[in-house]
*Asks:* 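Below is one structure. I have some questions about it.
Order of appearance sets the numbers: ligands from 1, and atoms from 1 within every ligand. In what follows, every heavy atom counts, from backbone to side chain, and hydrogens, waters and symmetry copies are set aside.
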Amino acid sequence: MEKYVIQGGNPLHGEVEISGAKNAAVAIIPAAIMVKGVCRLENLPAISDTDTLLHILSYMGAKVTMINRSTVELDCTHVNMDALPERMWDLTRRIRASYYLIGAMLGRFGQACSTMPGGCNFGDRPIDQHIKGLTALGATVDVSGGFIRASAKEGRLKGAPVYFDKVSVGATINIMIAAATADGMTVIGNVAREPHIVDLANFLNSMGADVRGAGTDSIKIRGVKHLHGGTYTLIPDQIEAGTYMAAVAAAGGSVRLSNVIPKHLECISSKLREMNVQIEEGDDHVIVRRDGPLHHTNIKTKPYPGFPTDMQPQMTAVLCCAPGRSVVTEAVWNGSRFKYVGELKKMGAHIEVEDQSAFLEGVDRLTGSVVRACDLRAGAAMVIAGLAADGVTKIEDINYIERGYQNLVGKFRALGADIRCVDEPEEEDDLLPEDLNAG
Ligand code: UD1
């Protein structure tokens, strides 16, 4: 079983280049199904979630050509839904973004089929707002047996007003994709405003769509007949950047992050400044420095431009060593996004979770331990805790981390961290009795 092994205590120094945004990539790749022609995507992150989506598209008949590690050409001219292989569903079940296939297939074929979303397990993943939006556009949606199936009346969606009851990134993206080639105008209200929503709108527009207002709370989409090919460069990853910033805060040192959009990092930068971390912003880089003691603070997650839920575990890991009392409140997902707290406690953190909040009492140092990545961002939090801790930390279940971080080990090693990925056989003592019984 592959693990990360970290000898903590090294401050981080040097420069790290941030990759393309995972959350933009997992929306834009499915959206490319709507494009009749060659669509070249640049600054694509080399992570397992994008690999999975590219495989799914190739099962649908897309021609996928990797030009280099971060550039792909997708030709979806001949995609079809005629004989989707059974093994495609093994892939769609692995990732959350498979629900974007529904919007894209409906837009392209007037009918759609995918599995219920997979991905990180931090609570129920309701899709009622996706269904509400697709139904408003004239689709009939059926959810049964773990599958979502949808079809458009007379084979084509019709633009319509949609108002979400709740701000949802997923539902906003799905309806934007579906409406891009619907007949007439769609106006979506109470939408999410995350940077990757704007990136998807820019992608769709550069392929011939007419999407306006992305980044505000209302998006207008005038449907076009079809999308054409083109070249698009994805935005840098706000959360990957935030993770390296948090790592410098926890381990100390001074790091320049290149290929970032500082504006997207404002809420993270401002929290880190409260915690006594220095941040210098350039046009497309930030320099993060921490040489004094951390200060405690409170954090509450919110939809963008609020503090991102995807940075909640990493910041909790940093606050473990900030003297005094900090409170971290998760207001986007329910309390199960705190499952990783038990792992931080193994490292000596003083944290109690009550309802939607984690209450922390800062300790002097964390101590290395054997911990697991409970999900993608929780795994990143374990890396951060391990880098700052005394002694050796072993992180298991790293497949979660590799879903969303390109070359995490290489990038941290280049900053002076002592982190390795090792393939250690599972020790018998580690096996639980039920594992042994499972034969
Ligand atoms: C959310 C985050 C996103 C992050 C992603 C992965 C927000 C607003 N969204 O996006 O930044 O990258 O997790 O960690 O911060 N919901 C419904 N019905 C629906 C859809 C969603 O009730 O049909 C609820 C969810 O249960 C959740 C909230 O709305 O409580 C936000 O969900 P949504 O934004 O759709 O989730 P993701 O797209 O996964």
Side-chain angles (χ1 to χ4, degrees), residues 20-28 30-31 45 47 49 94-103 116-136 139 141 143 148 150 162-178 188 190-200 214-215 217 219 235 237-243 264-265 267-268 299-315 329-340 355-356 373-381 400-401 403-405:
K22 165 189 175 280
N23 287 332
V26 301
I28 287 172
I47 52 176
D49 266 20
R94 276 189 213 165
I95 52 170
R96 166 180 65 89
S98 51
Y99 50 32
Y100 300 143
L101 295 170
I102 298 292
M116 287 294 278
C120 290
N121 177 16
F122 38 76
D124 283 347
R125 293 229 179 224
I127 56 162
D128 56 303
Q129 298 306 305
H130 301 239
I131 295 174
K132 176 178 175 173
L134 296 171
T135 308
V141 184
V143 179
I148 312 167
V162 176
Y163 193 89
F164 291 130
D165 303 322
K166 178 157 198 175
V167 175
S168 157
V169 171
T172 304
I173 288 176
N174 225 346
I175 305 311
M176 280 168 77
I177 296 173
I188 327 175
N190 196 25
V191 296
R193 292 181 280 167
E194 267 67 359
H196 41 289
I197 302 276
V198 179
D199 210 36
L200 172 67
D217 59 7
I219 298 179
I235 51 167
D237 196 309
Q238 174 206 26
I239 305 299
E240 189 196 17
T243 300
H264 293 168
L265 303 172
C267 51
I268 301 167
I299 294 176
K300 184 173 183 177
T301 65
K302 291 221 178 89
Y304 191 84
F307 193 87
T309 175
D310 277 356
M311 278 301 298
Q312 179 260 98
Q314 301 91 313
M315 292 297 262
T329 302
E330 175 55 59
V332 174
W333 294 98
N334 65 24
S336 53
R337 203 161 189 182
F338 281 123
K339 271 190 287 185
Y340 66 90
D355 300 327
Q356 301 292 100
C374 302
D375 62 57
L376 166 60
R377 307 303 173 184
Y400 279 115
I401 304 176
R403 283 188 38 216
Y405 288 94

*Asks:* Heavy-atom distance to atom 3 (C) of ligand 1: which of Ile239, Asn174, Asp165, Val169 wins?
*Replies:*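 Nearest option to atom 3 (C) of ligand 1, by heavy atoms: Val169.
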*Asks:* Report yes or no: does Tyr99 have a heavy atom closer than 4.0 Å to ligand 1?
*Replies:*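 It does, in that a heavy atom of Tyr99 comes within the 4.0 Å cut-off of ligand 1.
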*Asks:* Taking 4.0 angstrom as the limit and counting only heavy atoms of His130, give me the atoms of ligand 1 inside it, by number and element.
*Replies:*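 Close to His130: 23 (O).
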*Asks:* So if I count the atoms of ligand 1 from 1 in the order they appear, which ones are less than 4.0 Å from some heavy atom of Asp310?
*Replies:*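 Atoms satisfying the 4.0 Å criterion: 4 (C), 6 (C), 12 (O), 14 (O).
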*Asks:* Of the backbone atoms (N, CA, C, O) and the side-chain heavy atoms from C-beta on, which set of Lys132 has a member under 4.0 Å from an atom of ligand 1: side chain, backbone, both, or neither?
*Replies:*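 Neither part.
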*Asks:* Classify the contact between Ile127 and ligand 1 as side chain, backbone, both or neither, using a heavy-atom distance cut-off of under 4.0 Å.
*Replies:*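 Backbone only.
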*Asks:* Looking only at distances, please establish whether an N/O atom of ligand 1 is found under 3.5 Å from an N/O atom of Gln129.
*Replies:*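 For ligand 1, there is an N or O atom that lies under 3.5 Å from one belonging to Gln129.
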*Asks:* Can you name the residues that form a side-chain contact (heavy atoms from CB on, under 4.5 Å) with Ala378, not counting sequence neighbours?
*Replies:*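 So Ala378 forms a side-chain contact (heavy atoms from CB on, under 4.5 Å) with Tyr340, Cys374, Asp375.
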*Asks:* Quick one: which ligand 1 atoms are inside 4.0 Å of a heavy atom on Trp333?
*Replies:*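 The atoms of ligand 1 under 4.0 Å from a heavy atom of Trp333 are 1 (C), 13 (O), 25 (C), 26 (O), 27 (C), 32 (O), 36 (O), 39 (O).
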*Asks:* Just so I know, are the side chains of Val191 and Met176 near enough to count as touching, which here means a heavy-atom distance under 4.5 Å?
*Replies:*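 No - every pair of side-chain heavy atoms lies 4.5 Å or more apart.
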*Asks:* Can you sort out which atoms of ligand 1 are near Asn23, meaning under 4.0 Å from one of its heavy atoms?
*Replies:*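 In order of number, 12 (O).
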*Asks:* Regarding ligand 1, does Ala171 bring an N or O atom to under 3.5 Å of one of the ligand's N or O atoms?
*Replies:*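 N/O-N/O distance under 3.5 Å: no.
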*Asks:* Looking only at side-chain N and O atoms, does Thr301 offer a donor or acceptor that is under 3.5 Å from a partner on Glu330?
*Replies:*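 A donor-acceptor contact under 3.5 Å links the two side chains.
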*Asks:* Closer than 4.0 angstrom, basic N to acidic O: yes or no for Lys22 and Asp237?
*Replies:*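 Here Lys22 does not pair with Asp237 in a salt bridge, since their nearest N and O are not under 4.0 Å apart.
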*Asks:* Using a 4.0 Å heavy-atom cut-off, say whether Thr309 meets ligand 1 through its side chain, its backbone, both or neither.
*Replies:*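 Side chain only.
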*Asks:* Looking only at distances, please establish whether an N/O atom of ligand 1 is found under 3.5 Å from an N/O atom of His196.
*Replies:*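 Not met; the criterion fails.
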*Asks:* At what distance, to the nearest 0.5 angstrom, does CG of Asn23 lie from CD of Glu240?
*Replies:*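 Between Asn23 CG and Glu240 CD, I get 12.0 Å after rounding to 0.5 Å.
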*Asks:* Below 3.5 Å, N or O to N or O, backbone or side chain included: is there any such pair between Val332 and ligand 1?
*Replies:*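 N/O-N/O distance under 3.5 Å: yes.
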*Asks:* Looking at residues at least two apart in the chain, or sitting in another chain, which of them share a salt bridge (Lys or Arg N to Asp or Glu O under 4.0 Å) with Glu194?
*Replies:*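 In terms of salt bridge (Lys or Arg N to Asp or Glu O under 4.0 Å), with neighbours along the sequence ignored, Glu194 is linked to no residue.
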*Asks:* So Tyr304 and His264, would you call those rings parallel, tilted or perpendicular, with 30° and 60° as cut-offs?
*Replies:*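 Perpendicular, since the angle between the ring planes exceeds 60°.
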*Asks:* Can you check whether Lys302 has an N/O within less than 3.5 Å of an N/O in ligand 1?
*Replies:*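 No: no nitrogen or oxygen of Lys302 is under 3.5 Å from one in ligand 1.
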*Asks:* Less than 4.0 Å is my threshold; does some heavy atom of Arg337 fall inside it relative to ligand 1?
*Replies:*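 Right, Arg337 reaches ligand 1.
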*Asks:* Answer yes or no: is there a side-chain heavy-atom contact under 4.5 Å between Ile127 and Ile102?
*Replies:*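 No; the side chains remain at least 4.5 Å from each other.
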*Asks:* Between atom CD1 of Ile47 and atom CZ of Arg403, what is the distance when rounded to the nearest 0.5 Å?
*Replies:*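 Nearest 0.5 Å value for the CD1-CZ distance: 8.5 Å.
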